[in-house]
There are 2 protein chains.
Amino acid sequence: MAGRRYRDPSGRTLADYPRPSLAVDTAVLTVPSDAAALHVLLVAHRDRHRRDRWALPGTFLHEGETLADAVRRSLAQKAGVVGLTPTQLHVFDAVDRDDRGRVLSVAHVSVVGWSRVAPAVSARDDVAAVPVAAAVGLPYDHDQIVALAVAHTRARYAEHPDPDRLLAGPFTLLELRRLHEAVLGAPLPKDTFRRRMQPQLRPTGRLRQGAVGKPAELFRHRRGAPAVPRP
Amino acid sequence: MAGRRYRDPSGRTLADYPRPSLAVDTAVLTVPSDAAALHVLLVAHRDRHRRDRWALPGTFLHEGETLADAVRRSLAQKAGVVGLTPTQLHVFDAVDRDDRGRVLSVAHVSVVGWSRVAPAVSARDDVAAVPVAAAVGLPYDHDQIVALAVAHTRARYAEHPDPDRLLAGPFTLLELRRLHEAVLGAPLPKDTFRRRMQPQLRPTGRLRQGAVGKPAELFRHRRGAPAVPRP
DNA sequence: GAAATAGTGTCTTTGAGACAATATCCT
DNA sequence: AGGATATTGTCTCAAAGACACTATTTC
């Protein structure tokens with residue numbers, strides 16, 4: 001690398017500076033199809049006392065890798081989940097946060113459809129999805145990461161319809177509202193919800209057939225990238 | 001450190017993992033007393049081609065130091081500014097963002113009163129405060145950091161009166177509005193501004209004397225810590 | 001027809017913005 | 001008195017929440 005010979009004003013090269021380890025930890029949020037609550041993905045984690053605990057999936061940053069790369073690698077490897085679009089939340093930098101040494105961790109969040117998570121959860125003993133309200137007592141500062149991820153996600157869902165494109169095909173406003181209620185963890189008024197979301201959707205002429213009651217109109221997402229939060 | 005002998009499931013110790021350099025860069029925002037615009041603090045920066053450029057103050061993270069520590073150290077040393085309460089914004093992690101090697105930078109923002117900045121700006125050639133609109137063409141990704149810091153700060157000022165306690169003693173609503181207009185970079189309607197901010201202030205019985213016009217009531221900040229954004 | 005769901009109308013409240021009237025000081 | 005600034009009143013508009021009514025399907 002060209003930088004090897006560079007010396008700064010005090011005569012030091014880049015390698016002379018101390019280097020803490022840098023990790024990523026990710027809260028993967030999802031809504032199981034048989035539950036109406038936001039869940040977070042946990043993986044079995046053997047700590048330095050050789051005890052198994054549930055924790056957020058994480059890894060150390062490898063050479064030449066971006067943080068998003070590391071997130072995707074750790075999730076593919078530790079939980080068999082692919083297709084993530086991680087969003088950075090916060091760097092946890094307490095000096096004593098990891099008793100193996102100085103480790104800073106960049107917390108991430110990623111919201112994915114249940115179909116991406118279900119195979120790993122049902123096939124592997126070391127992967128589980130638990131309601132976010134039940135994900136407490138996790139090691140390191142993972143409780144804080146989960147809380148941060150949930151708050152961040154709920155704020156995004158208050159603004160836009162299904163910002164993570166969890167509903168694949170066309171959907172009714174009831175289906176959209178059920179999803180938002182699961183993310184929020186609380187019921188939403190159906191009339192106000194419709195009036196806020198409908199202008200942001202693209203109507204298909206079609207109706208949802210086969211269910212009891214008046215058939216509901218099917219909508220699609222608007223063109224363009226879904227709302228993203230940070231650069 | 002106790003962690004030295006710890007080996008993970010693949011037999012590696014913490015030292016076996018690659019370690020990128022970790023830096024902090026800080027946008028120090030302030031409003032000069034003789035200007036009605038938000039300014040950012042820049043320091044002279046000699047790059048690897050031995051050219052002097054203006055850049056945000058930054059440094060590498062030292063051993064046993066938190067990110068906030070590193071921010072305060074870099075500002076005290078490179079700009080003679082103390083008393084900061086830095087807030088984390090984002091980690092910039094592009095692999096090629098620094099041509100000296102792999103360096104990740106945690107961007108921070110800190111809003112301080114002009115009195116903390118003025119001595120260094122007037123005494124040192126290598127420290128300057130420029131309007132945020134003029135702080136473009138900076139090296140690395142410092143343009144993005146400034147934009148992020150400004151957006152973050154403006155959003156905070158839209159909610160609460162003087163969240164960084166830049167006004168020391170009691171102040172009138174006109175003085176508060178002038179500050180918010182400087183941060184926002186646009187005029188604010190005086191009646192709406194009053195109605196939003198007054199409930200969040202503590203009235204003193206006293207009036208501002210000596211100026212022309214009807215004397216304005218003096219207010220103080222509410223008790224308690226000012227609104228903070230992230231953990 | 002009864003039940004269930006979709007979609008809409010309307011009333012109230014709240015807050016922002018615009019505009020202006022009134023109040024109280026300085027010179 | 002006259003100018004300047006502070007403070008408050010009022011009107012309009014928009015959006016949210018609550019409530020209820022109508023519409024259209026399945027059973």
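In what follows, every chain begins at residue 1, and chains take the letters A, B, ... in the order their sequences are listed.
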Using a heavy-atom cut-off of under 4.0 Å over every strand shown, decide if [X] touches base, sugar-phosphate, or nothing.
| X | result |
| --- | --- |
| B:Arg196 | sugar-phosphate |
| B:Leu174 | sugar-phosphate |
| A:Gln209 | nothing |

Expressed as a whole number of angstroms, how long is the span from [X]:[atom1] to [N]:[atom2]?
| X | N | atom1 | atom2 | value |
| --- | --- | --- | --- | --- |
| A:Arg208 | D:dT26 | CZ | C1' | 16 Å |
| A:Arg178 | C:dA6 | CZ | C1' | 13 Å |
| A:Leu173 | C:dG7 | CG | C1' | 10 Å |
| A:Glu175 | C:dA6 | CD | C1' | 13 Å |
| A:Met197 | C:dA6 | CE | P | 17 Å |
| B:Phe171 | D:dA6 | CZ | P | 14 Å |
| B:Gln198 | D:dA6 | CD | P | 13 Å |
| A:Lys190 | D:dA20 | NZ | C1' | 10 Å |

Nearest heavy atoms of A:Leu104 and A:Pro20, plus distance in Å: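 Minimum heavy-atom separation between A:Leu104 and A:Pro20: CD1-CB, 3.4 Å.
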Geometric class of the A:Phe193/A:His180 ring pair [parallel <30°, tilted 30-60°, perpendicular >60°]: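 Ring orientation of A:His180 relative to A:Phe193: perpendicular.
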Whether A:His142 and A:Tyr140 hold their rings parallel, tilted or perpendicular, with breakpoints at 30° and 60°: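 Geometry flag for A:Tyr140 against A:His142: tilted rings.
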Any donor-acceptor N/O pair under 3.5 Å between D:dT10 base and B:Arg195 side chain: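 A donor-acceptor contact between them is present.
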Any donor-acceptor N/O pair under 3.5 Å between D:dT7 base and B:Arg177 side chain: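 Answer no: no donor N or O sits under 3.5 Å from an acceptor.
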Basic-acidic side-chain contact under 4.0 Å: B:Arg196, B:Glu159: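 Salt bridge absent between B:Arg196 and B:Glu159.
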Salt bridge present between B:Asp164 and B:Arg156 (N-O < 4.0 angstrom):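 So B:Asp164 pairs with B:Arg156 through a salt bridge.
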Which of these nucleotides, [options], is closest to any side-chain atom of [X]?
| X | options | value |
| --- | --- | --- |
| A:Lys214 | C:dG17, C:dT24, D:dT24 | D:dT24 |
| A:Val212 | C:dA4, D:dG17, C:dA20 | C:dA4 |
| B:Pro215 | C:dA20, D:dT25, C:dT24 | C:dT24 |
| B:Arg194 | C:dC25, C:dG17, D:dT8 | D:dT8 |

Closest-nucleotide 5' rank along DNA chain C - winner of B:Gly210 and A:Glu217: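 On the 5' side of the pair lies A:Glu217.
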Nearest-nucleotide 5' precedence on DNA chain C, A:Gly213 against B:Thr192: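 The residue whose closest nucleotide sits nearer the 5' end is A:Gly213.
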Residue closer to the 5' end of DNA chain D, A:Pro189 versus B:Ala216 (nearest nucleotide):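 It is B:Ala216, whose closest nucleotide lies nearer the 5' terminus.
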